[in-house]
Amino acid sequence: MLSDLKSALRPALTLTLLFAALLGLAYPLALTGIGQALFPEQANGSLIREGDRVIGSNLIGQKFTSNAYFHGRPSAAGSDGYDASASSGSNLGPTSKALAERVQGDVATLSETTPGSPVPPDLVTTSASGLDPHISPEAAFFQVERVAKARGATENEIRALVRKSIEQPLLGFLGEPRVHLLQLNRSLDVRFPAR
Amino acid sequence: MTVAGWGLILLFVAILLALAKPMGLWLFALYEGRITPLHRVLGPVERGFYRLAGIDPNEEQGWRRYALHMLLFNVALLIFTYAVLRLQGVLPVNPQGFGAVGADGAFNTAISFTTNTNWQWYSGEATLSNLSQMLGLTIQNFLSAATGIAIAFALFRGFARREVKTIGNFWADMTRVTLYLLLPICIVYAIFLIASGVPQTLAGSVDATTLEGVKQTIALGPVASQEAIKMLGTNGGGFFNANSAHPFENPTALTNLVQMLSILAIGVGLTWCFGRAVGDTRQGWAILAAMGVLFVAGVAVTYWQEAAGNPVLHQLGALGGNMEGKEVRFGIAASALFAVVTTAASCGAVNAMHDSFTALGGMIPLFNMQIGEVVVGGVGAGIYGFLLFAILAVFVAGLMVGRTPEYVGKKIEAREVKLAVLAIAILPLVILGFTAIASVLPAGLAGPLNKGPHGFSEILYAFTSCAGNNGSAFAGLTAGTPFYNGMLGVAMWLGRFFVIVPALAIAGSLAAKRHVPASSGSFPTTGGLWIGLLVGIILILGGLTFLPSLALGPIADHLAMVNGQLF
């Protein structure tokens with residue numbers, strides 16, 4: 001047994017170092033090189049720029065509070081939500097009082113601005129990452145009235161914009177119909193600049 | 001539930017079945033040590049590694065030597081990663097300037113990644129430098145996966161070989177799997193991920209100014225290279241805290257499908273490879289069929305419960321399925337499917353927060369892990385775990401009909417059954433024992449975020465996940481404490497090596513036996529009866545062992561949920 005152990009010493013130590021060099025350094029660094037050369041946009045985080053200013057990433061959700069923008073889902077990332085250096089879900093369970101109270105509060109606020117319509121579930125639930133860049137089409141339509149009022153546009157104009165921004169599932173069934181919030185809000189700024 | 005949702009599930013199962021044979025052929029070539037086309041490119045690397053390390057790849061090892069070499073290698077890897085994490089503050093490629101990881105945290109994480117668990121008490125983007133992610137963790141993702149497959153190969157040889165003392169060479173098995181299977185697939189896979197939007201950069205983060213004029217710091221890093229092996233090697237340790245729910249780890253519905261497939265791809269291939277190794281591919285298909293029954297049942301329950309939603313929230317006016325802790329781009333079907341896939345295997349990556357699943361929706365992932373992650377299972381670990389159950393099943397069948405149990409041409413005798421029970425018993429011992437301890441000590445009770453039965457579920461899930469080397473979490477649990485880091489670290493080590501060593505002992509004992517040709521007196525291990533028996537054994541063992549704990553956790557939680565009782 002001791003001789004078995006001794007004979008393993010050199011292979012164990014040498015292979016640890018060799019594999020560390022191959023898998024821990026060469027592999028990720030080579031891929032970094034390939035990624036930066038072939039897909040620099042994606043490899044660097046799919047950033048959106050306006051001039052030389054970075055306004056966000058195409059994949060990462062942002063927080064919207066103004067009435068003139070469509071709002072996203074509640075977020076548990078960071079203390080203030082949508083902190084892209086602290087992704088997190090709420091981790092509240094199905095029988096959590098804290099969850100029920102939060103949802104109750106959000107439902108009440110939303111029903112105030114848009115009375116009479118049922119609240120879309122994604123608008124009152126936190127996403128898994130806290131950085132969900134999307135909302136459901138229902139959640140977007142739900143907010144049309146409020147945004148139209150704030151933008152001084154007709155509801156039909158805003159609704160048409162939402163309809164145009166709906167992304168359908170791949171091949172009809174992979175993924176869910178969704179609206180990219182940041183893109184929708186940017187096109188709002190272009191089409192109906194805030195007064 | 002929707003037609004599109006079931007369409008996704010069907011498509012997933014169909015692709016997986018189609019993958020079994022091609023992946024199995026690839027694995028079988030490595031199992032036999034044959035030359036593959038990839039040898040032309042990577043052969044010199046393999047030979048160079050052997051030369052520098054003083055390894056003779058043709059040296060045949062008995063099970064003790066195989067096990068000791070495997071163990072010593074894993075200890076060396078463990079120390080290496082521990083050192084990288086502890087020295088993080090002084091090592092380069094640390095753009096955010098993170099300090100050293102604490103002793104208990106580094107202990108936990110080093111064990112976690114060495115044992116293919118990838119339990120994470122920390123939040124990646126706020127704790128680990130890019131170098132730690134690459135050098136400390138990515139290497140373990142490969143080698144823990146390769147170790148698992150090597151053990152599976154050794155056990156296959158035990159069944160396949162006749163009257164010999166040896167079960168292969170650990171170094172050769174592990175190196176070949178790494179170089180000719182994992183690395184090439186990961187290179188292609190990572191490039192696909194980058195093209196789909198997964199970052200691959202040495203930069204730490206970038207600052208953006210949002211449309212509303214707020215500063216948003218966006219964490220980046222070499223994500224794609226780690227993501228690829230994280231899924232393929234059933235590791236599951238995310239670059240970011242939110243794991244595969246993070247849009248940078250899993251940006252689209254397509255990447256999501258590929259990620260789910262890559263979790264189980266090698267596992268299904270190994271079932272075919274086993275059949276081929278023992279000279280009857282129907283044996284492999286029978287195993288896959290039994291796994292398939294358990295898998296589809298699990299998916300159906302979780303999908304049904306998540307689509308039905310939480311009655312507590314319905315009462316408040318938020319109708320529809322349970323979207324708490326789920327991403328809109330995946331929706332309910334792809335989140336439920338992912339949860340079952342990741343716990344069927346010992347992967348542990350998540351694309352939705354299991355903690356926020358409905359009570360029964362979250363119980364299925366928990367139960368999947370408690371039955372030993374043998375529904376396809378982790379790379380290597382799934383099939384060797386399953387074969388332990390197969391040994392028990394033929395033993396039980398033998399008792400029922402009064403025949404000496406045989407499996408794929410080998411007599412199963414007292415020694416093999418004892419060793420199999422030993423390996424199977426470690427899981428309930430660690431899970432239930434440690435959960436009990438944590439449920440009464442103040443340090444353990446300080447962990448759960450949720451109160452009531454769901455809080456207990458969080459503790460139970462943590463020990464189940466760690467002992468099963470899964471790594472997913474009911475992540476509300478605050479696990480970054482010395483108590484949990486220590487206890488869960490020990491649980492991971494026991495759950496890994498106290499299964500592997502008995503499995504290797506079985507391999508050694510079987511290899512020494514002579515081949516018994518199937519006769520009219522043999523219990524057939526291919527048909528529907530056998531598949532039913534396997535499923536039954538797994539469910540009865542898992543059910544009897546864990547039902548009381550499930551009653552205290554998810555089942556109590558479910559009853560509270562439907563009655564609107566909150567905690």
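Below, chains carry the letters A, B, ... as their sequence lines are ordered, and counting in each starts from 1.
Looking at every heavy atom in both residues, B/A242 comes nearest to A/S129 through CB-CA, 3.6 Å. Nearest approach of A/P94 to B/V312, heavy atoms of both residues: O-CG2, 4.0 Å. Between B/P247 and A/L59 the shortest heavy-atom distance is CB-O, 3.0 Å.
The side-chain hydrogen bond (donor to acceptor under 3.5 Å, both in side chains) check on A/S88 picks up nothing, with sequence neighbours excluded.
Put simply, the side chain of A/Q104 never gets that close to the backbone of B/L316: no donor and acceptor are under 3.5 Å apart. Using a distance-only test at 3.5 Å, with no hydrogens or angles considered, a donor-acceptor pair links the side chain of B/E327 to the main chain of A/A128.
Between A/R73 and B/V328, the closest side-chain pair of non-hydrogen atoms falls below 4.5 Å. With contacts defined as side-chain heavy-atom distances shorter than 4.5 Å, the pair B/L72/A/L9 qualifies. A heavy-atom distance below 4.5 Å is found between the side chains of B/V206 and A/L47. Residues A/F19 and B/M174 form a side-chain contact, since some pair of their non-hydrogen atoms from C-beta on lies under 4.5 Å apart. Between B/F248 and A/L131 the shortest side-chain heavy-atom distance does not fall below 4.5 Å.
Results of the side-chain contact (heavy atoms from CB on, under 4.5 Å) test with A/L23 over B/L182, B/L179, B/L143, B/L135 single out B/L143 as the only residue that passes. Partner of A/P28 under the side-chain contact (heavy atoms from CB on, under 4.5 Å) criterion, out of B/M134, B/Q226, B/Q133: B/M134 alone.
When only modelled atom types and interatomic distance are considered, B/Q565 and A/T95 share no side-chain donor-acceptor pair under 3.5 Å. Remark: the A/S85 side chain and the B/E125 side chain contain no N/O donor-acceptor pair separated by less than 3.5 Å.
In summary, A/R102 and B/E324 engage in a salt bridge, as defined by a charged side-chain N under 4.0 Å from a carboxylate O.
Close approach to chain B, defined as a heavy atom under 4.5 Å from one of its heavy atoms, is seen in A/L170, A/F173 of residues 165-173 of chain A, taken by number.
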